[in-house]
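Since the structure comes first, as structure tokens, the remarks are kept for the end.
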2 protein chains.
Amino acid sequence: MAKKQQEKSQQTMQELMASAIELFGSNGFIQTSVAEITEHAGYAKGSFYRHWNSKDELFLIIVEQKLKRYRAKRNGKVDKAKNLEEAMHAIWDFLESIINDKNWSSIFLEFTVYSAKSETLRKLMNKSVYRLSNEIFAELVHNHMETDFPPEKIGALNTALFEGYLIHRSLGTQVLSLPDVRAAAIALALRNGAKQG
Amino acid sequence: MAKKQQEKSQQTMQELMASAIELFGSNGFIQTSVAEITEHAGYAKGSFYRHWNSKDELFLIIVEQKLKRYRAKRNGKVDKAKNLEEAMHAIWDFLESIINDKNWSSIFLEFTVYSAKSETLRKLMNKSVYRLSNEIFAELVHNHMETDFPPEKIGALNTALFEGYLIHRSLGTQVLSLPDVRAAAIALALRNGAKQG
DNA sequence: CCATAAAAGTGACCGGAGGTCATTTTTAGA
DNA sequence: TCTAAAAATGACCTCCGGTCACTTTTATGG
């Protein structure tokens, strides 16, 4: 039993992370304090910092983990697409699954905007493990491109429309529905990436 | 000279507001503290709260004022538009003028997302004096509509694309240029609001 | 089985935030 | 010059993220 202490530490870490996911999920990133996270898990505040260097760091780990899971569900579906429109629908199924994960989409939005104020955080947030990636998007659709419009621009426009819709949603504005935005995004992608016919 | 004290109070208020606009403009909403605002204007922290109840309140007043000015410049230009495309271009001239106002567009974005966490603030932010308004947009373009697609949806999609681009921009991502987004937004509007042909 | 060292856990403390309010300073007018 | 009201002050409150000297628990060699 040489590993018992490490196991205990691992379990504490898991408990703290579970507590964090729960509280972030209900109250958001900024509204959730480190003291709340530890208290809710039954530990003292100082314990948090034995496992992560900052609240930001833990949040990034959670983002990475969540994004990985969303993408795992997506994998395969996009490959089966026979044209750009089908690929876009597969991508929007994926985006819709993010929106359906409680209010995490608003929390990602909150953190994304929050991250823009710190240079180091901003750089991190441009990596694909933490964010919708224009490069990954380009990979997913480039087989279906029928024009020389840069596929990563299609991806960036798609992300812009999606995240703009998240703002719309987080303010409680009800003018747009998810199908509205999906239709708009796909139309936009087809306009730039498919031959007119 | 019965008004001298009131005049002094007004001037203090103006000085504090000017200080706030300067500091918000360079450092953003959250990064700028009330103490910094008052110190930079040569007053003590307590003076701030003789004029506004909170940092939020002052910021909303600044937003209202700025939005009013942007719109004043826009007025007339949209009226001269002969079709939906020209109207959209006039609207994007207006949006571009917001983007060209130092880094205020990112600061509006910051505050918009920040406001979503407070119910009262969120309700306020849905008012047209504080935000790009789908109703105002609908008014501006409804004369040029050739379909029965709801004009306020065109407005909301346009705003989503614009604000999504602000996120793109605030993260320093350089995939999209302003003309890219303008072209996409106008294409989207024409697709939904103009007869195909 | 105990002594000890290492690991896990604690919570008082720090600086700085938004906001409050009793107190001081300035001003207007009789 | 005196006084009452208005303007300005800054110590103080609570809470935040983060630190760290300290206590408690645990593993292990003699």
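All chains are named by letter (A, B, ...) in the order of the sequence lines, taking the proteins before the strands, and each is independently numbered beginning at 1.
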Name each donor-acceptor pair under 3.5 Å that joins a side chain in residues 55-65 of chain B to protein atoms two or more places apart or in another chain, with its distance.
from  : atom 1 : to     : atom 2 : distance (Å)
B:K55 : NZ     : B:F29  : O      : 2.8
B:K55 : NZ     : B:T32  : O      : 2.7
B:D56 : OD1    : B:Y114 : OH     : 2.9
B:D56 : OD2    : B:Y114 : OH     : 3.4
B:E57 : OE1    : B:N53  : N      : 3.4
B:E57 : OE1    : B:N53  : ND2    : 3.1

- Crowded around B:Q31 CD? As in, over 12 foreign heavy atoms under 6.0 Å?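 For B:Q31, atom CD is crowded (more than 12 foreign heavy atoms under 6.0 Å).
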
- Query: Which pairs, with at least one residue in residues 116-148 of chain A and sequence neighbours excluded, count as a ring pair (Phe, Tyr, Trp, His ring centres under 6.0 Å)?
  - Reply: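 Found none.
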
- Query: What ring pair (Phe, Tyr, Trp, His ring centres under 6.0 Å) pairs are there with at least one residue in residues 148-192 of chain A, not counting sequence neighbours?
  - Reply: A:W92-A:F162

- Residues of residues 20-28 of chain B with a heavy atom under 4.0 Å from any atom of DNA chain C, listed by number, are none

- Query: Side chains of A:R131 and A:K127: closer than 4.5 Å at any heavy-atom pair?
  - Reply: no

- Student check: side-chain heavy atoms of A:Y43 and A:F48 closer than 4.5 Å: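 The answer is no, as the side chains (C-beta and beyond) never meet within the 4.5 Å cut-off.
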
- Message: So, applying side chain to side chain contact (heavy atoms under 4.5 Å, CB included) with B:N158, which one of B:L95, B:I186, B:L188, B:L132 is it?
- Response: B:L95

Gap between atoms [atom1] and [atom2], on [X] and [N] respectively (whole Å):
X     : N      : atom1 : atom2 : answer
A:W52 : D:dG18 : CH2   : P     : 13 Å
A:F59 : D:dG17 : CZ    : P     : 13 Å
B:I37 : C:dG16 : CD1   : P     : 17 Å
A:M13 : C:dA8  : CE    : P     : 12 Å
A:Y43 : D:dT25 : OH    : P     : 13 Å
A:H51 : D:dG18 : NE2   : P     : 15 Å
A:Q10 : C:dA7  : CD    : P     : 15 Å

- Note on the structure: For nucleotides 17-27 of chain C, 5' to 3', base contacts (B), sugar-phosphate-only contacts (S) and non-contacts (-) with protein non-hydrogen atoms under 4.0 Å give SBBBB-----S

- Task: List the atom of B:S105, the atom of B:R169, and the distance in Å for their closest heavy-atom pair.
- Result: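 In terms of heavy atoms, the two residues are closest at OG-NH1, 4.5 Å.
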
- Which atom of B:N192 lies closest to which atom of B:T147, heavy atoms considered: O-OG1, 2.6 Å

- Under a 4.0 Å N-O cut-off, is there an ion pair linking B:K45 with B:E39? no

- Note on the structure: B:A44 has its side chain closest, among C:dG9, C:dG11, D:dT9, to D:dT9

- Is there a donor-acceptor contact under 3.5 Å from the side chain of A:S19 to the main chain of A:E15? no

- Task: Please state whether the phosphate of C:dA7, meaning OP1 or OP2, lies under 4.0 angstrom from any side-chain nitrogen or oxygen of A:S9.
- Result: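 Indeed not, no polar side-chain atom of A:S9 lies that close.
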
- Relative orientation of the end axes in the helix from C:dC1-D:dG30 to C:dA30-D:dT1, expressed as an angle to the nearest 10° (five pairs per end):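 Terminal axis comparison yields 30°.
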
